[in-house]
Amino acid sequence: MALINASSPHARGPVDTGMVMRQVIYATLPGLAILTLLFGIGTLLNVIWAILVALLCEAAMLRARGRPVALYLRDGSAVVTAVLLALALPPTAPWWLTFIGVAFAIIVAKQLYGGLGMNPFNPAMVGYVLLLISFPVAMTNWVGGAPYRTPYVLESVLQFLGHGPLDGLSGATPLDTFRTFAGNADALDRMIVLHGRWAGLGWEWVNLAFLLGGVYLLFRRVIGWHIPLAFLAGLAVPALIAWQIDPLRYADPLFHLFSGGTMLGAFFIATDPVSAATSSRGRLIYGVLIGILIWVIRTYGGYPDAVAFSVLLLNLAAPFIDYYTRPRTYGHERAKRGAGS
Amino acid sequence: MLARLFRGGTREIFDFPGGIHPPEHKSESNTTPILPGPLPSQLILPLNMHIGAPARPLVQVGDKVLKGQHLAEGNGAVSAPVHAPTSGTVVAIGPRPIQHPSGMDAPCLVLEPDGEDRWGDRAPLDDPFALSPGELLERIAEAGIVGLGGAGFPTSVKVSLGDHQRVRELIINGVECEPFITADDRLMRERAADIVQGIQVLQYLLNPERTLLGIEDNKPEAAAALRAAAVGADIDVRVVPTKYPSGGEKQLIQLLTGKEVGSGGLPIQVGVVCQNVGTAYALKRALFDGEPLISRITTVTGDAVARPGNYEILLGTPVAELLQHAGVDQTRLQRLVLGGPMMGFTLHNPAIPLVKTSNCLIAASTDLLPEPEPEQACIRCGACADACPASLLPQQLYWYAKNDDLERAQQQNLMDCIECGACAYVCPSHIPLVQYYRYAKGEIRIQAAERAKADRARERFEARQARVEKEQAEKEARRRARQQANRAPAPAGDNATALKQTSLDASKAYKAAVKAAKEAETRDDPDLARYQAEVEKRKTAADRAKAAVRDAGKAAPPSTDAHPKAEADLKKQVADASAAYKSALREAKAALAEEREDAATLQSRAETLKAEADRLKATLRDARAGQPASAPTAAPDPVEELKKAVAEASSAYKAAVKATKEAEQNEADDVARLRAEADRLKAKADELKQQLRDAKAAAPATPKTAPPPPAAAASPTPTEPASGGGQESESDEEAAKRQKRLNALKTAYKMAHKQYKEAHSALDRARRDGAVDLAAMEARVEKLKAKADHTRDALDALMDETKASLLAHTGKDLKTLKLDAARAETALRDKSDELKRLRDTADEDTLKRLTSELGTLEHDAHLARRALKQALEEHGLAEE
Ligand code: SF4
Ligand code: SF4
């Protein structure tokens, strides 16, 4: 009779890292569907392609680092990185753009830092920012969506293969448009793209879909409420204040909440546990600061969206936040806080 | 306060942070009434079923005993006796395997029941409250009652209060928060009245302001039964929400009172005493019925038994017999847990007995309790921190424990971890966090024990040192007095008073430092090390001052020395210092050979002395180099220097020998000292000779050519060029990384080795117990061994690599490194002295030059120090 000899606890909770990652991927599906519906199958192609690239890079790196490839591939984290990055890319992204971003995210931002759990920065966002800085034109080229027609499948495939932008279909995102014409009442009025139900045309649906996925994750307890809520509040509150002061110059809070990568960022990207703050209080601070930064960069910065930069900046601050939000241990008078201890 | 919930109107319940809700698995065992356990063929009664000293047997092999008879008596303040659970014969007294994480055997009484179950004398009390508390406590102790809920702390000890202790709350723990266990649940349902009687005894003993009974809301029947039984008694039954680990003592106190027990403290310090419902029941039985603790309720559950439920077992019942009794299916039995699934221990040997603290036995297949899954990377998800009832950061603790960073782990309050397992339960990466904490805590305890030992050794050493010094000083004083009586005042007398004053001051400073350090020690000052260093420094200073006084005192007038007095002093100091070093070295060696505890201290002392001697030597050389009279050339030839030194030393030695001889003839009383002096001088001469030989060998064939550059002759600096700062720091980083990896590997190896050892001993026991199917176990042992070996190999390889790189990096071995460091320090000190001396007189250029030289020397010294430190760390490693 061979009895198992193991250390307590003998019961284990149902949650498993692989499972967590799978849930995250499922939760992106509504958003992916809406993106595909509005902007053509470019995003879908890129997601699939990104997953392939990510798995290959991850496997190669694991092998090179002498880690058990199968065990670590099963944690699904590489797939999540790939999916999130591909979702953040414009649907017109050609294959090489995705390839560079994903390979950089996995090889440099993740594996070279020591693999899952060791990376200080969100790998998907590192990849995204690399592309944004290196290929600004390709990264801001959105096609389809109202008021344009959705590209046909063949057009999207050609795009993916790297055959030029589609004439008559490309345009800027509502965020871009608003910034360009901020303060000019007439122009703002004329820009159809800005006149969705609550936010930019089309984009509100994309964000709604990601919000839906996010709520699912909250419901399944895959993520906590602290970061998303703080994130959205951090974005909405300054937006509300500024908008009250000057509605022509500053976009309204709903516009901010439902444009660009807001919901994807709040529920899927900022919640990446590895690079976020760890305590509940720390996560509130972390989320709020990301939200505020997004508003600041969107309003005063020169980039089309600010989720990636804000998340990376706060990744940088996360260890610091952790140091100062350590909980007070049971039976101790005071918490041991600060970088020294 | 958010943590404050209100339940049932007026009853106030607090909350504690964290906690988890694992599947309860209570219904498997709590639907049937308590059943009697088996009457086994043998009862195995460990002498230590409790915390504290093992009991002392009162019976002998062959004795016939009656039920309830004293078999072994408590031994010392914290202990508990053992009674016969039934009538029968004592067939053996000796080591038997018991439930212990380390799998050790322990002394046991083995009783063979005669089946008659005949009681011995029982002395039930009609009214226990007629007895004084003291008498009651005695009875409780005699009945062998210990805490039945957890660790088995003797109850009589726990409920005897100190003079100034007051109990505000008596808390009765009926929470039973671990999944699977229902022993207390059934007990409360079926014997609530008895429990209440037991609680009343506790109230009588402790006189609390209020009595709170905590019970989880998943046991409504038990709560109702208790409420009914408690009518008229001053007991407040409070239902707490189901959450693991609300039954932990600290958590329950927090739940019911909102108070926290201070870190490392006891509940009584916040006016609380906790007792388990099972203990209260045992008290009732012991006092009202006169039955000592000979049985308990144990839950048997799990999917490998046909009749799960609660059994009232006789203490000492072997696990195997109880399993049999409950209808175990051996083919399904894959994991056997004694205790709950969160904090229990796996058993490898079903022959071990159930004891006073055994509340649950889980016989599970891997369907119910699956094999541990492979550990994956921590994704910093924070789930563990959210679950921790002690508000620790388990992921950080894990990180520190894994890297053997015990200091940091302690700083993050590792010792406040209650090992509840909530963190490991929720960890999505299946990291066996608690296992890491246990390991780290064990290491910390070992280290603390070692430190305490070293401290004691150091104290002893210092005391002896002080004694020896005092004796020497007294002798010296006597001798000086004699000398002064015989002789005219020494020419150096004027200087002597000043020196004496310095010496007095220095020793005063030393004593003050010692006192400060002692105080720091008693108040646990984190800066203790600094204080101790200060003491060392002061001590050296005082010693040196003393030596100076001594020298001044005996500076003999017929000195024909051509050198000025300062140099003579220096020489003397050098001689003294090296003699001191040598004797310290001898002592250290002796200590090492005898494996005395203070060897390390002695060694480090010798090291210090050597550095001191080296420094003095260098100073002397400098002084000589700076003497135009003795060295007319700008750059004195070291060989010549040495030759002269040798000649001086030998003549000094000869003179000393002569003096000794004379003294012997005159039967003077300081012969011994003179002889020692002569020996010392001889050693010195020998050393110089050796140096001369070395120097000659090292000198170029034609001695006249190329004298060494003056700087090198005056103050040898480390040969390492101070080049490429960037490169330096880079390799530093690498070294740090390697060190980290080394630590991690070391931990991994220790864990692997431990697992292997455990598996191995489990196999041994299984073999001894004649188990048949050993193949799987053997395979496991092999696997673990291979793993441990593999890790060891990796560790060795890494260590070799580290060593090799260190050697390549510095190209020197430890000894040279030490020398280098000492030399560099000396050079640095000399240079700064020089700078100080010349600050007011020298011109700007010289000062600038000196300053820049000082900078270089500082850098050199830093490099040398660091190289040495690295090497020493390396060395420490290699010794393991
Ligand atoms: S629960 Fe596990 S994976 Fe998550 S932070 Fe804690 S140790 Fe890391
Ligand atoms: S085992 Fe220790 S660290 Fe883990 S949850 Fe319990 S108290 Fe916290």
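Ranking A:Thr329, A:Val15, A:Leu71 against chain B, the residue ahead of the rest is A:Thr329, based on heavy-atom pairs under 4.5 Å. Comparing A:Glu333, A:Arg221, A:Arg283 by heavy-atom pairs within less than 4.5 Å of chain B, the highest count is held by A:Arg283.
Neither the backbone nor the side chain of B:Leu784 comes within less than 4.5 Å of any heavy atom of chain A. Only the backbone of B:Leu347 comes within contact range of chain A, judged by heavy atoms closer than 4.5 Å. For B:Leu336, the parts lying under 4.5 angstrom from a heavy atom of chain A are both the backbone and the side chain.
Atom-to-atom distance recorded for A:Arg326:CZ and B:Leu393:CG is 7.0 Å, nearest 0.5 angstrom.
A donor-acceptor pair is defined here as one N or O able to donate and one able to accept, closer than 3.5 Å; such a pair exists between the side chain of A:Tyr330 and the backbone of B:Val261. Although no hydrogens or angles enter the test, the distance criterion places a donor-acceptor pair under 3.5 Å between the side chain of A:His10 and the main chain of B:Gly344.
B:Gln376 approaches A:Asp75 most closely through the heavy-atom pair NE2-CB, 3.9 Å. The nearest pair of heavy atoms linking A:Pro273 to B:Cys381 is CB-CA, 3.4 Å. Residues A:Arg12 and B:Pro432 share a closest heavy-atom pair of NH2-CA, 3.9 Å. Contact detail for A:Ser8 and B:Val434: the closest heavy-atom pair is O-CB, 3.8 Å. Taking every heavy atom of both residues into account, B:Ala377 and A:Leu116 meet most closely at CB-O, 3.4 Å.
Residue-environment remark: CD (B:Gln269) exceeds the threshold of 12 foreign heavy atoms within 6.0 Å.
Taking a cutoff of 4.0 Å between a charged side-chain nitrogen and a carboxylate oxygen, B:Glu260 and A:Arg328 qualify as a salt bridge.
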